[in-house]
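Data block below; observations after.
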Amino acid sequence: MYQIGTTLTQYIIEEQHTYEGASGHFTGLLNDIATACKKLSGLTRKGALVGVLGAASSENVQGEIQKKMDIISNDVFIEALENNGHVAALASEEMETVYNLKEGKRRGGYLVTFDPLDGSSNMDVNVSVGTIFSVVKAPKGVLNPTAEDFLLPGTKQVAAGYCLYGPSTIMVITTGRGVSMFTLDNSCGEFILTRDDVKIPEDTKEFAINTSNQRHWEAPIQRYIQECVAGKEGVRGKDFNMRWVASMVAEVHRILSRGGIFMYPLDEKMRKSGKEGKLRLLYEANPMSMVIEQAGGLASTGRERILEMQPYALHQRVPVVLGSKNEVQRVIDYHLL
Ligand code: AHM
Ligand code: MG
């Protein structure tokens, strides 16, 4: 446990001391991620004043129209991470293939995957967006890692987290020893520890799912939501509340703050179009699952633990059910029937 008020810089230096033989690269890398997030915090706050709202004239590898901020935030991340010799390669939602460092740049021992601006459709309507990141060790002695090198199960992550650009800018980090939450103090430009050892309540009365897809859901999800909506009069014997921000970072942050369950399940419409889910395994589901599990929650596809899945592609999609332990377990149980 760290003292509330500790700066992120102090925290990552202290974390380094807990690893024997640590070289300082991990510390440097987390620092670079924090720098990128601070820049993005500034840009998202300025919005229309600096001309970053609206669509770009390009599509990403998933065939989605990119927002200007998708491209800008991807560039901000690359710039912050490629110059200091801590990473070997990068991969992101906004790039089709692995980003290998330019000739002459120092190579480090880590691979970073990231969604530079998740929920970016919210930018234009001034609703919370966020950055999600995942860190794994790079294979030793490989100069230019390939996509194959990134295809590791989430259990191999050495750090993961997100930065939420909301009323406050909040960085949430886990290095596998619990979850810590830092709030950006703009007066000194530092992230300050505002909650440590975050734990998610095991029970909840709040669910998050895009109900416009209801007619496509599979039976276990239909049953779970119907029982929530039936409230006090139904089998659950209590009223539930519903929230949907359309920004996974904001949903996960709410769940860390007061409990809840978030679902983006596989449905019949996706099945018919050959999709395996909406959210991406390597830079959305895995890092968020690590954060949720480290805070005492569960993260599953409904059928298996997300963190144990063996990825086969960089942009692979996956069904996601995560949050308060007892509710996620109930959804898993309904899938077993
Ligand atoms: P994005 O990475 O293209 O922004 O999409 C991911 C987002 C999540 O943040 C959010 O949970 C989901 O897409 C919202 O989907 P929908 O538009 O179907 O409500
Ligand atoms: Mg995303």
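Ligands are counted one by one from 1 in listed order, and the atoms in each one are counted from 1 as well.
Protein atoms that are N, O or S and lie under 2.8 Å from the Mg ion (ligand 2) are these: Glu93 OE1, Asp115 OD2, Asp118 OD1, Glu284 OE2.
A donor-acceptor contact under 3.5 angstrom links the side chains of Thr27 and Gln16, judged on distance only.
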For residues 161-172, which side-chain donor-acceptor pairs fall under 3.5 Å, sequence neighbours excluded?
unit_1: Tyr162; atom_1: OH; unit_2: His253; atom_2: ND1; d: 2.7
unit_1: Tyr165; atom_1: OH; unit_2: Thr131; atom_2: OG1; d: 2.7
unit_1: Thr169; atom_1: OG1; unit_2: Ser41; atom_2: OG; d: 2.7

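Two rings, from Tyr264 and Trp244, have their centers less than 6.0 Å apart. Here Tyr11 and Phe191 keep their ring centres 6.0 angstrom or further from each other.
Leu40 has its side chain within reach of Phe77: a pair of non-hydrogen atoms, C-beta onward, lies under 4.5 Å apart. Two residues are said to be in side-chain contact when any heavy atoms from C-beta on lie closer than 4.5 Å; Gln316 and Arg280 fail this criterion.
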Between the protein and ligand 1, which nitrogen or oxygen pairs come in under 3.5 Å, and how far apart is each?
unit_1: ligand 1; atom_1: 2 (O); unit_2: Glu93; atom_2: OE1; d: 3.0
unit_1: ligand 1; atom_1: 2 (O); unit_2: Glu93; atom_2: OE2; d: 3.0
unit_1: ligand 1; atom_1: 2 (O); unit_2: Asp115; atom_2: OD2; d: 3.3
unit_1: ligand 1; atom_1: 2 (O); unit_2: Asp118; atom_2: OD1; d: 3.0
unit_1: ligand 1; atom_1: 2 (O); unit_2: Arg280; atom_2: NH2; d: 3.1
unit_1: ligand 1; atom_1: 2 (O); unit_2: Glu284; atom_2: OE2; d: 3.0
unit_1: ligand 1; atom_1: 3 (O); unit_2: Glu93; atom_2: OE2; d: 3.3
unit_1: ligand 1; atom_1: 4 (O); unit_2: Gly119; atom_2: N; d: 2.7
unit_1: ligand 1; atom_1: 9 (O); unit_2: Asp118; atom_2: OD1; d: 3.4
unit_1: ligand 1; atom_1: 9 (O); unit_2: Asp118; atom_2: OD2; d: 2.6
unit_1: ligand 1; atom_1: 9 (O); unit_2: Met248; atom_2: N; d: 2.6
unit_1: ligand 1; atom_1: 18 (O); unit_2: Asn210; atom_2: ND2; d: 3.3
unit_1: ligand 1; atom_1: 18 (O); unit_2: Tyr264; atom_2: OH; d: 2.5
unit_1: ligand 1; atom_1: 19 (O); unit_2: Asn210; atom_2: ND2; d: 3.0
unit_1: ligand 1; atom_1: 19 (O); unit_2: Trp244; atom_2: NE1; d: 2.9

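In this structure, Phe207 and Phe240 have tilted ring planes: the angle between them lies in the 30° to 60° band.
Scored by the side chain to side chain contact (heavy atoms under 4.5 Å, CB included) test, Gln157 finds Ser134, Val136, Ala160, Asn286, Pro287, Met290, Leu307 as partners (sequence neighbours excluded).
The backbone N or O of Gly51 sits nowhere less than 3.5 Å from a side-chain atom of Lys46 that would complete a donor-acceptor pair.
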